[in-house]
Trainee: 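Provided herewith is a single structure, encoded as structure tokens, for subsequent inquiry.
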Amino acid sequence: MPSSLSPQTQYMAYVAIASLGAFALGAYVFLPDLKLRREIREFLRTDWKYLGVAWLLTFGVNELAKYHVETAFTDTVYAIEGATVGVFQTVTARPLTMLFVFAYLVGFPFVVLFTYFKLKAHDREQAYRYAAAYACLVLLAAPFFVFVPVKVTGYSLVSVRPLLYDLNSIVMAGTFATDTLMKSFPSLHTGLSTLAAIFAWKTGDRLYAWTVTVAAGCIVVSTFYLGIHWLLDAAFAVVLVLIAHEISQRIPLTFDLGALRGAGRGAGDRE
């Protein structure tokens, strides 16, 4: 990567390239019948609405979280669980750290976004309900980021090192550009990856479901190992996931799914 680029730009480029590689591999393994032209047409016709709303909500909540209340609740969380999360750094090694950094930065966007397209190929209705659950989860978490700020473990506990933030100057610059270090409660990495795992089992593809479930497990562990989240962050995120999933399964869909399925088949027939 050219040294003339800022560390933040290099960070975004590295993550984007690695994520695109993961998507390409995922499409090759899990969507062998994917028709690129058809997917582009469907994205421009329908998908951008759902994915666009999800992105805007995530961006908006991240911006909103920068303006949290002054009183932090880090001591409260510590009073509940102490330094228990430090057990995840009992053994640390550079290869293990790189594995968890990859899970956190690349595995996370893959399982969260690719699951939408995998669902759409098998059950279009659940794909849209997944997008709705994603939006619900982000909205449910937003008030806690603002009114219950909690500092990341790597800068709160003596027994936990901030392995993600101290990895190198590029990762530090990239994460510090978007992370206030005060919005660990609840853990959206835990919540969104767990949500993806739940919906992955609705695809009917056991290999994909197990792959996402294992990946989600690695992502959750990575948040502890890398010095980011508390155990309470993850536990509460799972509670919000269950609520968001229940809401997504109950809300009415305001469009004709049968017509959309027919349009999808028609597009596929014309390929």
Trainee: Quick one: does Thr9's side chain have a donor or acceptor within less than 3.5 Å of a partner on Leu5's backbone?
Mentor: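 A pair under 3.5 Å: no.
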Trainee: Would you say Val152 ends up clustered with Val221 if hydrophobic residues are merged whenever their side chains have heavy atoms under 4.5 Å apart, either directly or through other cluster members?
Mentor: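 Yes.
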Trainee: Quick one, Leu195 and Tyr130 - any side-chain contact, counting heavy atoms below 4.5 Å?
Mentor: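 Yes, at least one pair of side-chain atoms sits under 4.5 Å.
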Trainee: Hey, what do you get for OG (Ser184) to CZ (Phe145), rounding to the nearest 0.5 Å?
Mentor: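 Ser184 OG to Phe145 CZ: 8.5 Å, rounded to 0.5 Å.
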Trainee: Where the side chain of Gln10 meets the backbone of Ile170, is there a donor-acceptor pair that is under 3.5 Å apart?
Mentor: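 Pair absent, no side-chain N/O of Gln10 close to backbone of Ile170.
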Trainee: Would you say the side-chain atoms of His229 pair up with the backbone N or O of Phe224, donor to acceptor, closer than 3.5 Å?
Mentor: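 Checked: no pair found.
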Trainee: What is the ring orientation for Phe176 with Tyr165, classed by angle as parallel under 30°, tilted 30 to 60°, or perpendicular over 60°?
Mentor: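 Aromatic pair Phe176/Tyr165 classed tilted.
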Trainee: Side chains of Val150 and Met182: does their closest heavy-atom pair fall under 4.5 Å?
Mentor: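 Counting from C-beta outward, Val150 and Met182 never come under 4.5 Å.
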Trainee: Under 4.5 Å between any side-chain heavy atoms of Asp233 and Phe236, yes or no?
Mentor: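 Sidechains of Phe236 and Asp233: no contact.
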Trainee: Distance-only, no hydrogens or angles: does the Arg161 side chain make a donor-acceptor pair with backbone N or O of Tyr225 under 3.5 Å?
Mentor: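 No.
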Trainee: Could you check whether any side-chain heavy atom of Thr213 comes within less than 4.5 Å of a side-chain heavy atom of Trp201, counting everything from C-beta outward?
Mentor: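 Result yes, sub-4.5 Å side-chain heavy-atom pair found.
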Trainee: Going by heavy atoms in the side chains, are Pro7 and Ser169 under 4.5 Å from each other?
Mentor: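 Sidechains of Ser169 and Pro7: no contact.
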Trainee: Could you grab the distance from atom NZ of Lys118 to atom CG of Asp205, nearest 0.5 Å is fine?
Mentor: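 One finds 4.0 Å between NZ of Lys118 and CG of Asp205.
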Trainee: Hydrophobic clusters here meaning ILVMFWY residues chained together by side-chain heavy-atom distances under 4.5 Å, can you tell me if Val158 and Leu181 are in one?
Mentor: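 No, Val158 does not connect to Leu181 through the hydrophobic network.
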Trainee: Could you pull out all residues at least two apart from Lys183 that satisfy salt bridge (charged side-chain N to carboxylate O under 4.0 Å, His left out)?
Mentor: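 For Lys183 there are no salt bridge (charged side-chain N to carboxylate O under 4.0 Å, His left out) partners, ignoring immediate neighbours.
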Trainee: Could you pull out every donor-acceptor pair under 3.5 Å between side chains of residues 51-61 and any protein atom, sequence neighbours left out?
Mentor:
from, atom 1, to, atom 2, distance (Å)
Thr58, OG1, Ala54, O, 2.9
Thr58, OG1, Tyr134, OH, 2.6

Trainee: Would you say Tyr11 and Met98 are hydrophobically clustered, going by side-chain heavy atoms of ILVMFWY under 4.5 Å?
Mentor: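 Linked, Tyr11 and Met98 end up in one cluster.
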Trainee: For residues 240-250, which side-chain N or O atoms pair as donor and acceptor with protein atoms under 3.5 Å away, sequence neighbours left out?
Mentor:
from, atom 1, to, atom 2, distance (Å)
His245, NE2, Lys202, NZ, 3.3
Glu246, OE2, Arg250, NE, 2.5
Glu246, OE2, Arg250, NH2, 2.9
Ser248, OG, His245, O, 2.7
Gln249, OE1, Gln126, NE2, 3.2
Gln249, NE2, Gln126, OE1, 3.2

Trainee: Could you see if Leu113 belongs to whatever hydrophobic cluster contains Leu20? Use Ile, Leu, Val, Met, Phe, Trp, Tyr and a side-chain cutoff under 4.5 Å.
Mentor: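 No, because Leu113 and Leu20 fall into different hydrophobic clusters, even though each may have its own neighbours under 4.5 Å.
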Trainee: Counting C-beta onward and ignoring hydrogens, is there a side-chain heavy-atom pair between Thr115 and Val212 closer than 4.5 Å?
Mentor: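 Yes, close enough: below the 4.5 Å cut-off.
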Trainee: Applying side-chain contact (heavy atoms from CB on, under 4.5 Å) to Asp123 and Thr203, what does each step give before you reach the verdict?
Mentor: CA-CA 7 Å; Asp123 189 335; Thr203 64; over 6 Å; no
Trainee: Supply the atom-to-atom distance Cys218 SG to Phe100 CZ, rounded to the nearest 0.5 angstrom.
Mentor: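 Atom-to-atom, Cys218:SG and Phe100:CZ are 6.0 Å apart.
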Trainee: At what distance, to the nearest 0.5 angstrom, does CZ of Phe185 lie from CZ of Phe147?
Mentor: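 The CZ atom of Phe147 is 14.5 Å from CZ of Phe185, to the nearest 0.5 Å.
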Trainee: What distance do Thr84 atom OG1 and Tyr78 atom OH have between them, rounded to the nearest 0.5 Å?
Mentor: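 Those atoms lie 9.0 Å apart.
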Trainee: Residues in ring pair (Phe, Tyr, Trp, His ring centres under 6.0 Å) with Phe30, at least two apart?
Mentor: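 Here the qualifying residues are Tyr208.
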Trainee: Report whether Phe110 and Leu207 are members of the same hydrophobic cluster (ILVMFWY, side-chain heavy atoms less than 4.5 Å apart, transitive linking).
Mentor: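 They do share one cluster, since a chain of ILVMFWY contacts under 4.5 Å joins Phe110 to Leu207.
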Trainee: So which atom in Ala196 and which in Val112 form the shortest heavy-atom distance, rounded to 0.1 Å?
Mentor: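 Ala196 and Val112 have their closest heavy atoms at CB-CA, 4.2 Å.
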Trainee: Would you name the heavy atoms of Val91 and Leu96 that are closest together and state the gap between them?
Mentor: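 Val91 and Leu96 have their closest heavy atoms at O-CD2, 3.9 Å.
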Trainee: Taking all non-hydrogen atoms of both residues into account, name the closest pair between Phe144 and Pro186 and its distance.
Mentor: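 What the structure gives for the nearest pair is CB-CD, 3.7 Å.
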Trainee: Is the number of heavy atoms from other residues, nucleotides or ligands under 6.0 Å of Trp210 CH2 greater than 12?
Mentor: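 12 or below, so no.
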Trainee: Please check: side-chain N/O of Thr153 versus main-chain N/O of Ile228, any donor-acceptor pairing under 3.5 Å?
Mentor: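 Between the backbone of Ile228 and the side chain of Thr153 there is a qualifying donor-acceptor contact (under 3.5 Å).
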Trainee: Can you tell me how far CD of Gln89 sits from OG1 of Thr97, rounded to the nearest 0.5 angstrom?
Mentor: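 Rounded to the nearest 0.5 Å, the OG1-CD separation comes to 8.0 Å.
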Trainee: Are Phe117 and Phe23 near enough that their ring centres are under 6.0 Å apart?
Mentor: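 No: the rings miss the under 6.0 Å criterion.
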Trainee: Does Ser222 reach the main-chain N or O of Ile219 with its side chain, forming a donor-acceptor pair under 3.5 Å?
Mentor: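 Here the side-chain-to-backbone pair exists.
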Trainee: What pairs with His68 under ring pair (Phe, Tyr, Trp, His ring centres under 6.0 Å), at least two apart in sequence or on another chain?
Mentor: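 So His68 forms no ring pair (Phe, Tyr, Trp, His ring centres under 6.0 Å) with any residue.
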Trainee: State, to 0.1 Å, how close Lys151 and Thr74 come at their nearest heavy-atom pair, and which atoms those are.
Mentor: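 Taking every non-hydrogen atom into account, N-OG1, 2.9 Å.
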Trainee: When you measure from the side chain of Thr175 to the backbone N and O of Met172, does any donor-acceptor pair fall under 3.5 Å?
Mentor: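 Between the backbone of Met172 and the side chain of Thr175 there is a qualifying donor-acceptor contact (under 3.5 Å).
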Trainee: More than 12 foreign heavy atoms under 6.0 Å from CZ of Phe73: is that the case here?
Mentor: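 Yes, enclosed.
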Trainee: For Tyr104, give me all partners under ring pair (Phe, Tyr, Trp, His ring centres under 6.0 Å), at least two apart in sequence or on another chain.
Mentor: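 Scan of Tyr104 (ring pair (Phe, Tyr, Trp, His ring centres under 6.0 Å), adjacent residues dropped) gives His189.
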Trainee: Is the closest side-chain heavy-atom distance between Leu157 and Trp230 below 4.5 Å?
Mentor: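 Leu157 reaches Trp230 side chain to side chain.
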Trainee: Do any N or O atoms from the side chain of Ser193 and from the backbone of Thr190 form a donor-acceptor pair under 3.5 angstrom?
Mentor: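 Indeed, once roles are kept as given, a pair shorter than 3.5 Å links the two residues.
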Trainee: Using side-chain heavy atoms (C-beta onward) and a distance below 4.5 Å, is Leu119 in contact with Phe199?
Mentor: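 Yes, side chains in contact.
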